[in-house]
2 protein chains.
Amino acid sequence: MSDEITVRHNEKMRKIKAARDKMMETKTEEKGLIVVHTGPGKGKSSAGFGMIMRCIAHEMPAAVVQFIKGNWDTGEKTFLRERFAKEVRFFVSGEGFTWETQDRERDIAAAQNGWKIAKEQILDPEIQFVLLDEINIALRYDYIDIDEVVDFLLTEKPAMTHVCLTGRNAKPELIEAADLVTEMTLLKHPFRDGVKAQKGVEF
Amino acid sequence: MSDEITVRHNEKMRKIKAARDKMMETKTEEKGLIVVHTGPGKGKSSAGFGMIMRCIAHEMPAAVVQFIKGNWDTGEKTFLRERFAKEVRFFVSGEGFTWETQDRERDIAAAQNGWKIAKEQILDPEIQFVLLDEINIALRYDYIDIDEVVDFLLTEKPAMTHVCLTGRNAKPELIEAADLVTEMTLLKHPFRDGVKAQKGVEF
């Protein structure tokens, strides 16, 4: 490659860095974030558990409440319960996907119980990060009242506590209330070609 | 709620479960997947590290190569190096974002070195999952040749090894070659309101 390209590139990067540094100086506020991972793509729960890994790394006590899936012996659950019982409190409220249980009354009771635990964990001053995994499914079926959840997050959540809510079909009220919303979109999935869910990747 | 709603719901769920079970029976193939996390949203790397957590849980030896960001003392790096040195091999090839280094020659050398390590790890029969974190940025700037990467993944990757490639602006050739592609889209970000990146959530 020519020296000219390198010189031009380095100059461009210098300008980008200067602009970025200036922008970063204005970002000074610290606050507990309401984070939402939604959309039909993969990675919503994985990204939530990636954040849990970061919390462990930073010695920030965390809690997980799994709302809908839950009776599977998922990798995350085993891992966290066996190796990080002190760092991460792990609760399972649901008993499987709703189409597994076929019992609406039981699903509602499980979701309500999960929300009760979630509130306790969010209010606990020791806990800095709470992952509400797949709560959006419980909200979508109105097993938990969306207005109650949004109201709680906006008025009762301690200022510095982060809460991450995952699951497809996040309600507009939740997106409106959130600070950071990511939509995971599926561009391609191996299911189409007869490949089953693979250990380590999908569970 | 009325009994009628519950009965109707349970019947609907029974049908969904039957259809799902039937569909799942056709999903029998096992294969090592090429997974891509791209798009401008958050969660691309977090979801990759969530998969690493799953691999540890399932006792699947894994490797991580961080391509572009790298000189930050990220939570993931500290955590994995200190606590899971046996389970996860962790390599850092880059020295920071390209606008931090302002040295194109050095960035190219770092990216090429990362790709060399990546190939070794993918070919290693002991390793079952390889995360190539932010490799898409190196590919985008042509620091690594996309054709070489795609060719390697399609012809030399061991059949059962999973490889997850992250970073925005994934090249079309990579998306074409991949089995599972998720695009993370940003619907909302607290940066807009002057909030800085928060520990545990973003790093």
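By convention in this document, chain letters (A, B, ...) are assigned in the order of the sequence lines, proteins followed by strands, and residues within each chain are numbered from 1.
Heavy atoms closer than 4.5 Å to chain B are found nowhere in A:His37, neither backbone nor side chain. At a 4.5 Å heavy-atom cutoff, the contact between A:Met53 and chain B is made by backbone and side-chain atoms alike.
Comparing A:Ala47, A:Gly50, A:Cys164, A:Cys55 by how many heavy-atom pairs each has under 4.5 Å with chain B, the most go to A:Ala47. The greatest number of non-hydrogen atom pairs below 4.5 Å with chain B, out of A:Gln128, A:Lys44, A:Met51, is found for A:Met51. Between chain B and the residues A:Gly43, A:Ala178, A:Gly41, the most heavy-atom pairs under 4.5 angstrom are made by A:Ala178. Annotation: maximal heavy-atom pairing with chain A below 4.5 Å, among B:Ile56, B:Ile52, B:Val36, occurs at B:Ile56.
The pair B:Glu87-A:Arg83 meets the salt-bridge criterion, since a charged nitrogen lies less than 4.0 angstrom from a carboxylate oxygen.
To the nearest 0.5 Å, the span separating CE on A:Met184 from NZ on B:Lys42 amounts to 11.0 Å. B:Asp107 contributes atom CG, which lies 8.5 Å from atom CG of A:Asn10 (distance to the nearest 0.5 angstrom). Rounded to the nearest 0.5 Å, atoms CD (A:Glu183) and CG (B:Leu187) are 5.0 Å apart. Distance check, rounded to the nearest 0.5 Å: CZ of A:Arg54 to CZ of B:Phe49 gives 8.0 Å.
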Next on the checklist: As a quick check of understanding, evaluate side chain to side chain contact (heavy atoms under 4.5 Å, CB included) for B:Thr185 and A:Thr185, giving each step before the final call.
Outcome noted: CA-CA 7 Å; B:Thr185 309; A:Thr185 309; 3.9 Å; yes
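The shortest distance between side-chain heavy atoms of A:Leu180 and B:Leu186 falls below 4.5 Å.
Remark: B:Glu156 CD is packed, more than 12 non-hydrogen atoms of other residues, nucleotides or ligands lying under 6.0 Å away. Residue-environment remark: CZ (A:Arg140) stays at or below the threshold of 12 foreign heavy atoms within 6.0 Å.
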